[in-house]
Visitor: 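The structure under discussion is supplied below as structure tokens; questions concerning it will follow.
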Amino acid sequence: MLEQTGVGRNWVAGDLERPFGRGLNLQVTVSDVRDIEYSLNEACYPLFMPTESKWYRISDNEEAGVRQFVVADPDGYLVRFQESLGHRSTASCIDVEKGDA
């Protein structure tokens, strides 16, 4: 939950000073990041991190891929928009440490 300062009951754990969003990264999964990135570019709104494709190991023989970028909102909250690139097998990779060939 995100709160607006001064509206309703607030759970304030410390002094509130800008940028409010330090240390927080929100992930939003979308079907295609390109439309959002295009809209931000058209508005001359800077990206905190440009679009990248990244693969994350999720098991010994499988990776999950995402295309993603990060933007900071005016309060400093980082919002990472990401779309799935699916899964891929890593079974064809050679594990040199285990001596696979």
Side-chain angles (χ1 to χ4, degrees):
M1 177 191 310
L2 298 177
E3 295 186 31
Q4 182 177 347
T5 305
V7 176
R9 185 168 82 166
N10 294 130
W11 301 94
V12 179
D15 292 336
L16 294 177
E17 52 188 57
R18 293 190 183 273
F20 297 129
R22 288 178 293 210
L24 180 65
N25 175 331
L26 302 170
Q27 176 179 306
V28 179
T29 302
V30 297
S31 59
D32 190 336
V33 298
R34 290 175 290 194
D35 291 338
I36 299 167
E37 182 183 19
Y38 177 81
S39 295
L40 291 168
N41 286 333
E42 284 293 301
C44 297
Y45 199 93
L47 299 182
F48 182 84
M49 182 192 81
T51 301
E52 69 173 8
S53 295
K54 184 83 172 160
W55 290 89
Y56 298 95
R57 186 171 293 265
I58 58 173
S59 71
D60 286 343
N61 60 357
E62 187 176 21
E63 294 178 328
V66 295
R67 182 173 295 115
Q68 61 190 1
F69 70 87
V70 178
V71 64
D73 83 351
D75 287 327
Y77 292 96
L78 296 180
V79 182
R80 178 167 52 115
F81 291 96
Q82 65 119 56
E83 70 177 271
S84 174
L85 297 176
H87 292 200
R88 68 182 182 188
S89 173
T90 60
S92 63
C93 296
I94 297 173
D95 190 336
V96 176
E97 290 183 22
K98 290 183 180 179
D100 294 345

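FYI, the numbering just counts along the sequence from 1.
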Visitor: Can you list the residues that meet the side chain to side chain contact (heavy atoms under 4.5 Å, CB included) rule with S59, with sequence neighbours excluded?
Guide: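 Listed in chain order: N61, E62.
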
Visitor: Evaluate whether atom CZ of F48 has more than 12 neighbouring non-hydrogen atoms of other residues, nucleotides or ligands under 6.0 angstrom away.
Guide: no

Visitor: For L85, what are the other residues in its hydrophobic cluster, where any two members join if their side-chain heavy atoms are less than 4.5 angstrom apart?
Guide: W55

Visitor: E37: which residues meet the side-chain hydrogen bond (donor to acceptor under 3.5 Å, both in side chains) condition with it, sequence neighbours left out?
Guide: T51

Visitor: Tell me every residue that passes side chain to side chain contact (heavy atoms under 4.5 Å, CB included) with S84, counting only those two or more places apart in sequence or in another chain.
Guide: none

Visitor: Residues two or more places apart in sequence or in another chain: which of them pass side chain to side chain contact (heavy atoms under 4.5 Å, CB included) with V28?
Guide: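 Side chain to side chain contact (heavy atoms under 4.5 Å, CB included) list for V28, sorted by chain: V30, V79, F81.
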
Visitor: Can you give me every donor-acceptor pair (side chain of residues 63-74, partner residue at least two apart or in another chain, under 3.5 Å) with its distance?
Guide:
from: E63; atom 1: OE1; to: R88; atom 2: NE; distance (Å): 2.6
from: E63; atom 1: OE1; to: R88; atom 2: NH2; distance (Å): 2.9
from: R67; atom 1: NH1; to: E83; atom 2: OE1; distance (Å): 3.2
from: Q68; atom 1: OE1; to: R80; atom 2: NH1; distance (Å): 2.7
from: Q68; atom 1: NE2; to: E52; atom 2: OE2; distance (Å): 2.7
from: Q68; atom 1: NE2; to: Y56; atom 2: OH; distance (Å): 3.2
from: D73; atom 1: OD1; to: D75; atom 2: N; distance (Å): 2.9
from: D73; atom 1: OD1; to: G76; atom 2: N; distance (Å): 3.0
from: D73; atom 1: OD1; to: Y77; atom 2: N; distance (Å): 2.9

Visitor: Within this structure, what is the CD1-CG distance for the pair I36 and L47, rounded to the nearest 0.5 Å?
Guide: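 The CG atom of L47 is 11.0 Å from CD1 of I36, to the nearest 0.5 Å.
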
